[in-house]
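For reference, the structure discussed in these notes is given below.
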Amino acid sequence: MAERITPRDQDYAQWYQDVVRAAKLAETSPVRGSMVLPPNGYELWENMQRGLDGMFKATGHRNAYFPLFIPKSFLAREAEHVEGFAKECAVVTHYRLKEDNGDLVVDPEAELEEPLIVRPTSETIIWDTYAKWIQSWRDLPILINQWANVVRWEMRTRLFLRTAEFLWQEGHTAHATEQEAVDETRQMLDVYATFAEEWMAMPVVKGVKTASERFPGAVDTYCIEALMQDGKALQAGTSHFLGQNFAKAFECTFQNQDNEAEYVWATSWGVSTRLIGALIMTHSDDQGLVLPPKLAPTQVAIVPILKKNGDNEAVLGAAREMRDALLNAGFRVILDDRDQYRPGWKFAQYEVEGVPVRLAIGPRDVENGTVEMARRDTGEKQSIQRDALAGTVRETLDAIQAGLFEAARQRREENTYVVDSYDRLQEVVEAGGFALAHWDGTAETEAKVKEETKATIRCIPFPDQFPGVDTQEAGTDPVSGAPSEGRVVYAKAY
RNA sequence: CGGGGUGUAGCUCAGUCCGGUAGAGCACUCGCUUUGGGAGCGAGAAGUCGUCGGUUCAAAUCCGGCCACCCCGACCA
């Protein structure tokens, strides 16, 4: 295999591509911007789904499915929404092909009366449906999530980070009161933050988007923002308070307890396969992928060391026992007894693929009742007792999960700066990192900074996101000199 | 959509300037020796050189059109 991975300090973008390829997470496909997800990549997504889905269910949500195709007219119903998405929609205009002198051509006779758009997001089709479902305050709230693919025709794509088609989940809820909808929006943001930190081992900042970064059609967009290894920010999840915008556009009202018609309050929230990109750029190194144990498709790889004149049956037997014991203990484990690859090759391969723990067992170990355990995150190897295997593996996986989070948290802390001058703001975002600076709240200042530094306001952070920094304290905007009500997070972003 | 780059074996690429029998490494198949950090030797299979056209006795190579992909920007989860 001999996969070469470009070192991060040489070319970070190339390193990212190399890791995706070498770890077999995704491949490009014949259509630009769409990707093939082989098992390593898809299982990672499945594990993310499992974690998130459990949290959605635990907060009272149910899964449902809405159609891929949306009538063009639906998108036009909400003014900001159409403006935000119109430029990147795939449109279906015909329903038939025909032979033409040996060529396959679109049959001009088969034009649809109304073009269909491939969903870039599902608010419109869902609110058209909710309008039929909702009559009374007794029908509320509606708490629904869907796992789906969506299409946004992007100019420039990068595997996971920005693809034309991607997998995601989108929650869409309907509520009787504004407060309830706002609470839902906040609750789901907390779910995302918990998932990012506890499952992905990726620290995030919670906050609100500025008006210019808001979801088209939302009243408020909440987000979690993570800092990647190269100092660029990545929006990892968003939760939108939609107010009554979609209810008004789709005439979705309910009768309240006083028998009056009221518009329904809405939220939507989503995370996508982009999280896989975030995961890669949070933990991985120049040797390849590094995965947190909770999400790793394979948590433990067992490599038997076979010898020409050794007792290979004893080694394989011990390896199988180990595998069975670990499977019974609930781990995702594989025993790699393929004989066409040598142990050294397998070691290297599992490192590239990010398997958290590797166990190697050879004749010496069988004799001694031991096994060699190697950690992917630290590279550390140690000989452990086989009779305590499951417990040791459990502890080690937990230690890796915690260690990855701590390392990422520390890196973020080291690259987060409180800045009080425009010069310093420019320095920080140029070098890479979060700059906590006062902002006067105007779109003009925001645009000026974006124009001059390429950095954007990632979010207006919630209180207590940065230990030791009071971002709520009033001050002066270093760019405009105008008064500021608090600090925001500036950074260059993916 | 602007700037740059690349299309040759499954993959990474050499060969193109200066036209003359299609190459290497890795991967793959078979055999033997190996196996505690990406094995060695031998044999073998594998390419209408992105595509269409032009120049020429002769084109991977020169000329023109087209297409695709990658990187950097503008736009975006």
Side-chain angles (χ1 to χ4, degrees), chain A residues 1-6 11-14 16-18 21-22 24 27-34 83-89 120-121 150-170 192 209 212-216 221 223-226 233-240 268-278 287-288 303-310 312 315 336-352 358-368 370-372 374 379 381 383 450-451 454 456 458 492-494:
Chain A
M1 197 94 357
E3 296 285 0
R4 202 184 110 270
I5 294 177
T6 305
D11 184 343
Y12 197 81
Q14 188 60 48
Y16 176 82
Q17 293 197 132
D18 289 349
R21 173 183 45 77
K24 303 193 189 82
E27 294 172 23
T28 55
S29 82
V31 177
R32 196 179 75 94
S34 58
E83 197 184 322
F85 285 107
K87 293 169 300 215
E88 51 187 24
C89 286
T121 178
V150 287
V151 169
R152 297 179 188 177
W153 213 262
E154 299 287 349
M155 296 287 222
R156 196 179 138 207
T157 60
R158 303 178 74 177
L159 289 169
F160 294 119
L161 298 174
R162 176 156 296 105
T163 48
E165 177 189 2
F166 55 90
L167 305 182
W168 79 344
Q169 60 66 218
E170 45 181 327
Y192 288 155
K209 286 293 186 190
S212 64
E213 301 275 332
R214 206 177 277 156
F215 176 78
T221 289
C223 63
I224 53 172
E225 294 281 329
L234 188 140
Q235 177 177 302
T238 50
S239 183
H240 315 292
S268 69
W269 26 274
V271 298
S272 71
T273 38
R274 185 179 224 211
L275 286 180
I276 295 176
Q287 271 59 254
V303 178
I305 312 294
L306 305 178
K307 302 277 191 185
K308 170 76 173 171
N309 296 314
N312 290 339
V315 172
D336 189 347
D337 56 4
R338 292 177 295 178
D339 61 3
Q340 71 265 42
Y341 298 112
R342 295 160 82 247
W345 186 92
K346 295 176 184 175
F347 294 172
Q349 190 59 28
Y350 290 118
E351 279 162 20
V352 164
R358 182 190 70 234
L359 299 173
I361 181 162
R364 288 203 303 271
D365 292 303
V366 171
E367 223 169 277
N368 300 333
T370 57
V371 55
E372 181 195 79
K381 284 195 286 201
S383 186
K450 183 175 181 181
E451 171 71 25
K454 311 279 191 221
T456 49
R458 300 317 305 154
K492 289 191 187 175
Y494 274 101

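Protein chains get the first letters and strands the later ones, always in sequence-line order, with residue 1 at the start of each.
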B/U8 and B/A45: how far apart are their P atoms, nearest whole angstrom? 23 Å
Among the candidates B/G37, B/A77, B/G38, find the nucleotide nearest to the side-chain atoms of A/T163. B/A77
Using the P atom on both, measure B/G50 against B/G15 and round to a whole Å. 15 Å
Is a side-chain donor or acceptor of A/E372 paired with a backbone partner of A/K381 at a separation under 3.5 angstrom? no
Please give the distance between the P atoms of B/G20 and B/U33 as a whole number of Å. 46 Å
Between B/C63 and B/C70, how far is it from one C1' atom to the other, in whole Å? 26 Å
Both distances under 3.5 Å, Watson-Crick or G-U wobble: report the partner of B/C41, or none. B/G31
In Watson-Crick or G-U wobble terms, with both distances under 3.5 Å, the base opposite B/A68 is B/U6
Go ahead and name the base partner of B/C1; Watson-Crick or wobble counts if both distances stay under 3.5 Å, otherwise write none. B/G73
Select base, sugar-phosphate, or nothing to describe what A/L161 touches, counting heavy atoms under 4.0 Å on all strands. base
Pairwise P distance for B/A43 and B/G5, with rounding to whole Å: 42 Å
At their closest point, which heavy atom of A/F160 faces which heavy atom of A/G277, and how far apart are they? CB-N, 3.8 Å
Please list, pair by pair, any protein nitrogen or oxygen found under 3.5 Å from a nitrogen or oxygen in nucleotides 7-13 of chain B.
none

What distance, rounded to whole Å, do you find between the two P atoms, one in B/C28 and one in B/G10? 15 Å
Looking for any heavy atom pair under 4.0 Å, which part of the strands does A/F215 touch: base, sugar-phosphate only, or nothing? nothing
Length of the line joining A/Q340:CD and B/G38:P, which is rounded to integer Å: 17 Å
Give me the distance, rounded to whole Å, that separates B/C17 from B/G2 when you measure between the P atoms they each carry. 30 Å
If B/A58 has a Watson-Crick or G-U wobble mate with both distances under 3.5 Å, name it; if not, just say none. none
Looking at A/Q235, is its backbone amide N or carbonyl O close enough to the side chain of A/R274 to form a donor-acceptor pair, meaning the two atoms are under 3.5 Å apart? yes
Do side-chain atoms of A/Y16 reach the backbone of A/L159 as a donor and acceptor pair under 3.5 angstrom? yes
Using a 4.0 Å heavy-atom cut-off to protein, can you give one letter per nucleotide of nucleotides 29-36 of chain B, 5' to 3': B if the base is in contact, S if only the sugar-phosphate is, - if neither? -----BBB
Taking salt bridge (Lys or Arg N to Asp or Glu O under 4.0 Å) as the definition, give me every residue that meets it alongside A/E351, ordered by chain and number, with sequence neighbours left out. A/R358
Taking atom P in both B/G25 and B/C72, compute the distance separating them and give it to the nearest angstrom. 33 Å
Using whole Å, what does the distance between atom C1' of nucleotide B/G4 and atom CG of A/D11 come to? 14 Å
Taking the inter-plane angle between the rings of A/Y341 and A/W345 on a 0 to 90° scale, is it parallel (under 30°), tilted (30 to 60°) or perpendicular (over 60°)? parallel
Give a yes or no on whether the backbone of A/P363 and the side-chain of A/K307 come within a donor-acceptor separation of less than 3.5 Å. no
Taking side-chain hydrogen bond (donor to acceptor under 3.5 Å, both in side chains) as the test, write out the residues that go with A/T163, two or more places apart. none
When A/F166 and A/Q287 are each assigned the nearest nucleotide of RNA chain B, the 5'-most assignment goes to A/Q287
A/F215-A/F85 aromatic ring centre distance below 6.0 Å: yes
Given 3.5 Å as the limit, does a donor-acceptor pair link the side chain of A/D365 with the main chain of A/G362, or not? yes
Distance check needed: B/A27 P versus A/R21 CZ, whole Å only. 15 Å
Interatomic distance where CD belongs to A/Q235 and C1' belongs to B/A77 [whole Å]: 6 Å
What one-letter contact string describes nucleotides 69-75 of chain B from 5' to 3', where B marks a base within less than 4.0 Å of any protein heavy atom, S marks contact via sugar-phosphate atoms alone, and - marks no contact? SSSSBB-
Sugar-phosphate only, base, or nothing, as touched by A/T238 at under 4.0 Å among non-hydrogen atoms: nothing
Qualifying residues under salt bridge (Lys or Arg N to Asp or Glu O under 4.0 Å), relative to A/D336, sequence neighbours excluded: A/R338, A/K346
Taking a pair to mean Watson-Crick or G-U wobble geometry with both distances below 3.5 Å, B/U12 pairs with B/A24
Measuring from atom NE2 of A/H240 to atom CD of A/E170, what distance do you get when rounded to the nearest 0.5 angstrom? 10.0 Å
B/A77 C1' sits how many Å from A/W269 CH2, rounded? 16 Å
Note: A/T238 and A/C223 closest approach over all heavy atoms is CG2-CB, 4.2 Å
